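This report concerns only the one structure given below.
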Amino acid sequence: MLQACGSNSGTPNPGSFGESNQGEQATSVETITASTEDISQQIKSFGNIRAQEIVEVMPQVSNRVVEIYADLGDTVRQGDVLAKIYDATYRDQFQQAKSQLEQNRSTYVRDSLQFQRQKELYNKDLISSTEFDEAKATFESSKAQLESSRANLTESRENLNNTEIKSPVNGEVLSRNISEGDIASTGEMAFEIANSIGLQVRVYLPLQEWRNVEIGQPAVFQASNQPDVRAEGRVTQISPRLDPNTGLGEVVISITDKGQSVYQGVLVESTITINTHQDAVVIPRAALVENVQTLIEPESNSIQLKRNYSVFTVQGDSLAQEHEVELGIEQGDKVEILSGIQPGDQIVITGHNNISDSSKVRIANPEQFQQSPNEVPIETSEDISQDTSSTS
């Protein structure tokens, strides 16, 4: 009876109601120490690397292509001949216009002298006004013909020069769409040349991100699954409006530093840094506990969701304490904490879904949260049992 009701050893009875909190089993958790570091607000989007200016070269005259001087990938300079168009017809037209100009110039000189003589005679009242008007009309006609022949000569010379398709810029040939023997047509692209002034990436962002971008913000580029394809740049142009069809705003990022493996046409992920907070309290996003409250707005009879976040810290290596926190910048799997915890606090990052405020905890090694190599998944164990039964 004495042993059943009590004990002189002083050992507490784990089954007593007054000491139930002391008998609570501690939950294993994994923690990290909250620290300070720089964190940046970033915008990510995909785009292709391209030349800052791509020029489409089109023939200005139509005829058969007789020579090709530049091909895909060639580096060309402004004025270099890319292709030659058959020019016999245009050369004959130029010579004809040149001869016509000489003839009209001679006529103009003759009629000009005749008009001056008639003008002197008219001033002396030696000829009638009709004769003077005829001389003046003849002079004006020859003058107009001379101007017309000059225009024809200029046009024929331009057509003759355009039988040589020339590069308007310094750059590289991206594509060639004509071949020797083809009929070159005006308005159809013959060559595409990338201006060598630099490379850029054009991205298209939704309103919420687009309005946060400013000229001069830094950016980095990374190709998917290709760590050697990296580049740096800055925002140089921002469209003043959103596309009415897509609702996206265009942003141009000029590449300022590129590696050896950066080529035109490569699809890259562009990361624009909006702003950076230095020495901020940063924790893994996985440590956050999201609390969602459903609120009913009486006036509009609508349901709204209110979200707040909390973090568990460990006090004295044995007691969990919940702190409501205010979030700041998010970057990847990290988040800035504006208030609620301090640097040096032990933050619970694993096991926090199984505890509440003032719960008993036990800090465990990370290996304890990994699957034991001796553990067999249910599906595997079922397969093993089936194989064993079939074998027996």
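Only a predicted model underlies this, so the values are computations on that prediction, with no experimental measurement involved.
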Roughly how far, to the nearest 0.5 Å, is CD of Glu324 from CD of Glu322? 8.5 Å
So, for Ser40 and Gln331, which heavy atoms are closest and what is the spacing to 0.1 Å? N-OE1, 2.8 Å
Exactly one of Ile68, Val57, Val81 clears side-chain contact (heavy atoms from CB on, under 4.5 Å) with Ile165, and that residue is Val57
Looking at Ala287 and Ile347, what are the two nearest heavy atoms and their distance? CB-CG2, 3.8 Å
Nearest 0.5 angstrom please: Glu37 CD to Ile283 CD1, how far? 11.0 Å
Rounded to the nearest 0.5 Å, what separation is found between the CG atom of Leu305 and the OG1 atom of Thr294? 5.0 Å
Does Glu140 pair with Lys143 as a salt bridge, N-O distance under 4.0 Å? no
Atom CZ in Arg150, atom CG in Asn152: separation rounded to 0.5 Å? 12.5 Å
Gln208 atom CD, over 12 foreign heavy atoms within 6.0 Å: no
Shared ILVMFWY cluster between Val235 and Ile49, side chains joined below 4.5 angstrom? yes
Please tell me whether Ser318 and Lys360 have a donor and an acceptor in their side chains that are separated by less than 3.5 angstrom. no
Under 6.0 Å from the CD atom of Gln315, do we count more than 12 heavy atoms belonging to anything else shown? yes
Quick one: which residue pairs count as a ring pair (Phe, Tyr, Trp, His ring centres under 6.0 Å) with a foot in residues 55-96, not counting sequence neighbours? none
Shortest non-hydrogen separation from Val213 to Ile238 and the atoms involved: O-CD1, 3.4 Å
Determine whether more than 12 heavy atoms belonging to other residues, nucleotides or ligands lie under 6.0 Å from atom NZ of Lys84. yes
Just do the side-chain contact (heavy atoms from CB on, under 4.5 Å) check on Val361 and Val348 with the steps written out, would you? CA-CA 10 Å; Val361 295; Val348 178; 5.9 Å; no
Considering all heavy atoms, the nearest Ile193-Val169 contact: CG2-CG2, 3.9 Å
A side-chain contact here means heavy atoms from C-beta on lying under 4.5 Å apart; do Ser167 and Leu82 qualify? yes
Out of curiosity, Met58 CE to Asn162 CG, how far, rounded to the nearest 0.5 Å? 14.0 Å
Answer with yes or no whether the side chains of Gln237 and Ser239 bring together a donor and an acceptor at under 3.5 Å. no
Any side-chain donor near an acceptor of the partner, Glu192 and Ser175, under 3.5 Å: yes
Closest contact, heavy atoms only, Pro59 versus Ile85: CB-CD1, 4.2 Å
Same cluster for Leu288 and Val29 if Ile/Leu/Val/Met/Phe/Trp/Tyr side chains link at under 4.5 Å? no
Is any side-chain heavy atom of Thr138 less than 4.5 Å from a side-chain heavy atom of Gln114? no
Determine, using the 4.5 Å side-chain heavy-atom cutoff (strictly less than), whether Leu205 and Ile215 are members of one ILVMFWY cluster. yes
Counting C-beta onward and ignoring hydrogens, is there a side-chain heavy-atom pair between Val266 and Val262 closer than 4.5 Å? no
For Asp80, which residues count as a side-chain contact (heavy atoms from CB on, under 4.5 Å) partner, sequence neighbours excluded? Val76, Arg77
Counting distance only, does the side-chain N/O of Arg202 pair as donor-acceptor with the main-chain N or O of Val252 below 3.5 Å? no
Evaluate the side-chain proximity of Asn177 to Glu188: yes if any heavy-atom separation is below 4.5 Å, no if none is. no
For Glu147, does the CD atom sit with more than 12 other heavy atoms under 6.0 Å from it, leaving out its own atoms? yes
Return the set of residues passing side-chain contact (heavy atoms from CB on, under 4.5 Å) with Gln78 (not counting sequence neighbours), or none when no residue passes. Asn170
Using side-chain heavy atoms (C-beta onward) and a distance below 4.5 Å, is Gln217 in contact with Ile274? yes
Determine, stepwise, if the pair Gln41 / Asn212 fulfils side-chain contact (heavy atoms from CB on, under 4.5 Å). CA-CA 10 Å; Gln41 180 184 359; Asn212 291 329; 4.2 Å; yes
Output, in order, the C-alpha distance, side-chain angles, deciding distance and verdict of side-chain contact (heavy atoms from CB on, under 4.5 Å) for Asn275 and Ile329. CA-CA 9 Å; Asn275 59 71; Ile329 291 176; 3.1 Å; yes
Would you please say whether a donor-acceptor pair under 3.5 Å links the side chains of Ser359 and Ser356? yes
How close do Pro343 and Thr36 get, counting heavy atoms only, and between which atoms? CG-CG2, 3.6 Å
Mind running salt bridge (charged side-chain N to carboxylate O under 4.0 Å, His left out) on Glu102 and Arg105 for me, showing each step along the way? CA-CA 5 Å; Glu102 293 299 328; Arg105 181 181 289 112; 3.0 Å; yes
Does a donor on one side chain sit under 3.5 Å from an acceptor on the other, for Thr33 and Gln346? yes
Take Val251 and Ile43 through the side-chain contact (heavy atoms from CB on, under 4.5 Å) test and state the conclusion after the steps. CA-CA 12 Å; Val251 175; Ile43 294 176; over 6 Å; no
Which residue in the set Tyr108, Phe139, Tyr122 passes ring-ring contact (aromatic ring centres under 6.0 Å, His included) when paired with Phe115? Phe139
When rounded to the nearest 0.5 Å, the distance separating CG of Leu242 from CG of Leu248 is 7.5 Å
Evaluate the side-chain proximity of Leu327 to Tyr309: yes if any heavy-atom separation is below 4.5 Å, no if none is. yes
Kindly work out whether a path of hydrophobic side-chain contacts (I/L/V/M/F/W/Y, heavy atoms less than 4.5 Å apart) joins Leu207 to Ile272. yes
